[in-house]
Amino acid sequence: MKIMPNRLDRGFQMYKEEFEAKALEVLNSGYYILGPEVKAFEEEFAAYTGAKYCVGLANGLDALWLAFRILGIKEGDDVLVQGNTYIASVMGITINGANPVFVEPDSFYNIDVEAMKKALTPATKAVLVVHLYGQASNMEEVVTFCKENNLYLVEDCAQSHGACFNGKMTGTFGDIGCFSFYPSKNIGAFGDGGAIVTDNEKIAEDMKMYRNYGSRKRYYNEVVGANSRLDELQAGLLRVRLKHAEELTEERIRIAKRYTEEIKNPKFTLPQVREGATSVWHQYVLRCETRDDLIEYLNESGIGTIIHYPVPPHLAEAYAYLKKQKGDYPITEQYADSVLSIPMYNGMTEEEQSYVIEMLNRY
Ligand SMILES: *Cc1c(COP(=O)(O)O)cnc(C)c1O
């Protein structure tokens, strides 16, 4: 059997007729940028998360850097962020000239709140939490810490659409929640897409200005903004996906449950879910001390896997100027050396799941 780490075509096939009908509807409509589909998606996505406002954007990275831009985060400011994240989280900070202060992760791969408290500096202006792999971070403690220290709170929800902490959805705890709809995300478009959610009307209005060259009124530009508009076709297709969000999440939870119950091999550390948190299983990530050998073994068995992520941002060439070294963040680095994401996608058959489980148990 041949199993790829992800199968985006399966997610299309599940609702093929609906996607095709919507695509034709948008093509026939004559509206392609900032029209009725984007407006409807923004309303529906805000309602889905429980936030007051949603603003559609071109991608997740824009959501992050524009969020910090609007909050006034700039050169000289420190932003706390977990070390074990996708590099886009960090770029959202550094594009604004601000300084990322890396914090070690906890055993759930989210920001370690005790380490976060110790990392506070006089220059700290904001915290960026990343609900990595689909699991909500320890938001009760994070929110309290931000309030006590008068810090902005931004959430990177690129992997956590629909994940909750104490029943409240990720993206709604802080000032701004940032989402990506890159095709492989849990709610994925058929191209690039992103959004922010917020309860703050001014932030929402400012974001609408920034995404469109800094203009509220056509050809009257207040700031140097961006071209970061979600297009009508993606918004329409995202509305189809959003309609099925609950069943898509439930399917991932079912697959993860099988993995957790049936993978029995002392060589692996399986993922755990924190009390009060839910995971929407963007990835199912296990750790293995002989990871590279495991990858080879699985490859030979026809099973593809991905490392999320092999190089932590503090050791990336792009951030050489931060002058960090190997050994500076040992937990982050240990995770980078041992994590492995096994196949997890909507439309994964039971036979495929069984085969992955069997081969992992035989390792
Ligand atoms: C995918 C991702 C992003 C960036 O989203 P894009 O739409 O690709 O720009 C940011 N942060 C995390 C954690 C991601 O997984």
Side-chain angles (χ1 to χ4, degrees), residues 5-6 8 11 41 45 54-69 79-96 100 102-103 105 108-111 126-137 142 153-163 170-171 173-174 176-197 207 210-211 226-231 234-235 237-238 241 252 271 279-285 306-314 316 318-319 332 335-336 339 341 344-345:
N6 202 347
L8 299 180
F41 175 72
F45 195 71
C54 167
V55 180
L57 299 166
N59 57 66
L61 175 61
D62 284 358
L64 287 160
W65 80 259
L66 287 169
F68 288 113
R69 179 67 54 95
V79 179
L80 308 185
V81 61
Q82 69 203 62
N84 64 325
T85 184
Y86 181 50
I87 201 157
S89 315
V90 184
M91 289 186 178
I93 298 166
T94 59
I95 287 170
N96 289 295
F102 297 110
V103 177
F108 304 97
Y109 304 108
N110 285 325
I111 196 164
V127 171
L128 174 61
V129 289
V130 187
H131 306 292
L132 200 72
Y133 306 148
Q135 179 168 185
S137 305
V142 170
L153 173 56
V154 177
E155 294 173 75
D156 183 339
C157 308
Q159 306 188 357
S160 72
H161 318 71
T170 52
F173 286 89
I176 304 179
C178 302
F179 289 83
S180 164
F181 305 117
Y182 183 78
S184 67
K185 309 295 187 186
N186 286 32
I187 294 177
F190 293 81
D192 279 307
I196 61 107
V197 298
M207 191 59 85
Y210 266 91
R211 77 174 169 190
N227 171 359
S228 186
R229 301 169 297 223
L230 180 64
D231 69 70
Q234 299 307 332
L237 296 170
L238 280 167
R241 195 90 77 178
R252 284 174 179 272
S279 177
V280 293
W281 300 101
H282 176 60
Q283 302 295 345
Y284 191 95
V285 178
I306 304 182
I307 301 169
H308 295 101
Y309 300 89
V311 182
H314 74 275
Y319 287 119
T332 298
Y335 285 176
V339 291
S341 306
M344 162 63 77
Y345 47 87

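All values below were derived from every heavy atom in this structure, side-chain atoms included, with hydrogens, water molecules and symmetry-related copies excluded. Read the numbers this way: they start at 1 and go in the same order the structure lists the ligands and their atoms.
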> Which of parallel (below 30°), tilted (30 to 60°) and perpendicular (above 60°) describes F181 and H161?
Replying inline: tilted
> What do the steps show when you test N110 against V129 for side chain to side chain contact (heavy atoms under 4.5 Å, CB included), and what is the final call?
Replying inline: CA-CA 8 Å; N110 285 325; V129 289; over 6 Å; no
> Is the shortest heavy-atom distance from the side chain of S137 to the side chain of V130 under 4.5 Å?
Replying inline: no
> Who pairs with S180 by side-chain contact (heavy atoms from CB on, under 4.5 Å), at least two apart in sequence or on another chain?
Replying inline: A158, Y182, K185
>> According to ring pair (Phe, Tyr, Trp, His ring centres under 6.0 Å), who are the partners of F68, at least two apart in sequence or on a separate chain?
In response: none
> Y133: what forms a ring pair (Phe, Tyr, Trp, His ring centres under 6.0 Å) with it, not counting sequence neighbours?
Replying inline: Y109
Quick check on ligand 1: any N or O pairs to the protein under 3.5 Å? One line per pair.
from     : atom 1 : to   : atom 2 : distance (Å)
ligand 1 : 5 (O)  : S180 : OG     : 3.3
ligand 1 : 7 (O)  : G60  : N      : 2.8
ligand 1 : 7 (O)  : S180 : OG     : 2.6
ligand 1 : 9 (O)  : G60  : N      : 3.3
ligand 1 : 9 (O)  : L61  : N      : 2.9
ligand 1 : 11 (N) : D156 : OD1    : 3.3
ligand 1 : 11 (N) : D156 : OD2    : 2.7
ligand 1 : 15 (O) : Q159 : NE2    : 2.8
ligand 1 : 15 (O) : K185 : NZ     : 2.7

